[in-house]
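Everything below concerns the one structure shown next.
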Amino acid sequence: MQEAWSKETFQKLQTKLSAEADRVKSSIPFIPMQGHYRDLMMPGGLHWWCNGFWPGMLWQMYSATGEEKYRRFAEEVDARLAPLLEEPEKMDHDVGFLFILSSLAEYKATGNETAKERAVRAADILAGRFNEKGDYIEAWNPGTIPGTDTTGMMIADCMMNLSLLYNVSEITGDAHYAEIATRHADTALRVLARQDGSAAHIGRMDPETGEFKEYPAGQGYDPESSWSRGQSWILYGFTNAYLHTGRKEYLEAAKRTANYCIAAVAAFDWLPVVDFRAPQDGRYDSTAGMAIASGLLELAGAVEGAGDLGQYDKDVYERAALKILMACDEKFDRWDPETDGIVSGGSLRYHDDRMAGASIIYGDYYLTEAVLKLNGKYLSVW
Ligand code: GLY
């Protein structure tokens, strides 16, 4: 039944994304309004942190199907994003999400040297945010989030951005990128990952002394709670860090968070609520479910060869990923090829229900990854 679901969903994905690509082309989508995407709908314009997810989907589909239109549109979006590299002072830690899924994916899919150079330039920008005293990558520039003092903030999401540094190290042979990633991951392990497998969203460091100061509010209910998408970034991010470094403490952190997420999501009929430790009001975050599912599938591959009875853990992680994907498919997925967006039921953050229930581009991206992983057609980008 699960195998049949994986195959059938890959067929539906091809039909849906083929039609969507014909409409969206090299526009840069985020959330459909009245069933359709608009180009660059967020006020940040080209700088919006989510602008890599559409080219990421196109590169995944190009790699899985060989269809030229995906490549053409993806190359056009990548060229649109390239001018961001000329304004490093306007970038934040999410330069990783932006360029892993565009230029780095392009280089991996095609070997294009210009795309490689862009990925290296993006890695330089990310590495330039590293605070040597505190061993962390600074999340935001001062004044970029109105009303919030972002000084010294390091965040769970950045665990995903580290893959830019690890990959560029492997591509160029320059170890300093990977060293920065590993020093940041060690700090995230100490500051953000909790012993019970849950994780804080944001930690504040003192940029002068490098000491940990406090847990500011993030996108979850409160600093002690457990924002589901933040858990997915920790699960998937430490899995990636383990795969790049072989460090067992990262694998253990990924497994702790995976086990925590599986228990938490199973308690809600395999549907991810916005925050696992918060008053529940019936809101979900399907995007967290998709990122947790794809992260679990990545972890399943990682534990298989890691000893310690990993072959049994592999089955557990794969089964749990499928439970989440199938439960979310039944409740949230919209396969009508005439409209844009697949996975409804998304959320931007706990204390903000403006987009509650929306189909958000990163939910669709991680669904795409997960379905391609299940079908042996995934382009490894992280
Ligand atoms: N801050 C990135 C996210 O919303 O997951």
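In listed order, ligands and their atoms are each counted from 1.
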Can you find a heavy atom in the side chain of D313 that is under 4.5 Å from one in the side chain of L299? no
I'd like to check E298 versus L243 (side-chain heavy atoms, cut-off strictly below 4.5 Å). Are they in contact? yes
Can you list the ligand 1 atoms lying under 4.0 Å from a non-hydrogen atom of W227? 3 (C), 4 (O), 5 (O)
Relative to the heavy atoms of Q219, which atoms of ligand 1 are at a distance of less than 4.0 Å? 1 (N), 3 (C), 4 (O)
Give me the ring orientation class for Y365 and F53: parallel if the planes are under 30° apart, tilted from 30 to 60°, perpendicular past 60°. tilted
Only one of D340, D39, V77 forms a side chain to side chain contact (heavy atoms under 4.5 Å, CB included) with V24, so which one is it? D340
When you measure from the heavy atoms of W49 to every atom of ligand 1, does any distance fall below 4.0 Å? yes
Looking only at protein heavy atoms, which one is nearest to atom 1 (N) of ligand 1, and what is the separation? D157 OD2, 2.7 Å
Do any N or O atoms from the side chain of D135 and from the backbone of T187 form a donor-acceptor pair under 3.5 angstrom? no
Restricting to heavy atoms, the pick from H201, R349, R229 nearest atom 4 (O) of ligand 1 would be R229
Under 4.0 Å from ligand 1, counting heavy atoms only, is it the side chain of F97, its backbone, both or neither? neither
